[in-house]
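What follows is one structure encoded as structure tokens, with my remarks underneath.
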Amino acid sequence: AHKIAGSDRSISIADIGTGSGAIAIALAGQLPNAQLFATDLSPAALAVAARNLARYGLEQRIQPNAGPGTHRDAHPIVPCVGHLHRSRSS
């Protein structure tokens, strides 16, 4: 993000599995020229993300999208979901 933030270059980024929208919101603060998409399969998560986008005044900069897809030209950002892994007991 720091490398892109210092340039005038425009970039499209998709936050896949956005949840609360925190990653997209943080990127919006660091990348003023970025076009951001926040995607999630969960309507409830998108509702939370939409509230957070409104709280930070970013509803015009970040587009929430339902589903697993992204904008075709966007660079995907996938959060680490390692904490969701459950080990099997024998």
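In what follows, every heavy atom counts, from backbone to side chain, and hydrogens, waters and symmetry copies are set aside.
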**Side-chain donor/acceptor of Asp40 to backbone N/O of Leu46, under 3.5 Å** =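 No, the answer is negative, given that no donor and acceptor are paired below the 3.5 Å cut-off.
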**Least distance between heavy atoms, Ala24 atom then Asp15 atom** =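 What the structure gives for the nearest pair is N-OD2, 3.4 Å.
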**Heavy-atom closest contact (Ala49 atom, Gly19 atom, distance)** =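 What the structure gives for the nearest pair is CB-O, 3.5 Å.
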**Asked** So do Leu53 and Ile25 actually touch side chain to side chain, heavy atoms under 4.5 Å?
**Response**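 Result yes, sub-4.5 Å side-chain heavy-atom pair found.
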**Any residue meeting side-chain contact (heavy atoms from CB on, under 4.5 Å) with Arg55, in chain and number order, not counting sequence neighbours** =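 Counting only residues at least two positions away or on another chain, Arg55 forms a side-chain contact (heavy atoms from CB on, under 4.5 Å) with Asn52.
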**Request:** Tell me, please, which residues at least two apart from Ala28 pass side-chain contact (heavy atoms from CB on, under 4.5 Å).
**Result:**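 With neighbours one apart ignored, the set is Leu36, Leu58, Arg61, Ile62.
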**Message:** Check for me, please, whether Val48 and Leu41 land in the same ILVMFWY cluster - side-chain distances under 4.5 Å, paths through other members count.
**Reply:**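 Shared cluster, no.
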**Message:** What's the separation between atom CZ in Phe37 and atom CD1 in Ile13, rounded to the nearest 0.5 Å?
**Reply:**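 Result: 10.5 Å between the selected atoms.
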**Prompt:** What is the distance from atom CD1 of Ile11 to atom CG of Asn33, rounded to the nearest 0.5 Å?
**Reply:**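 One finds 10.5 Å between CD1 of Ile11 and CG of Asn33.
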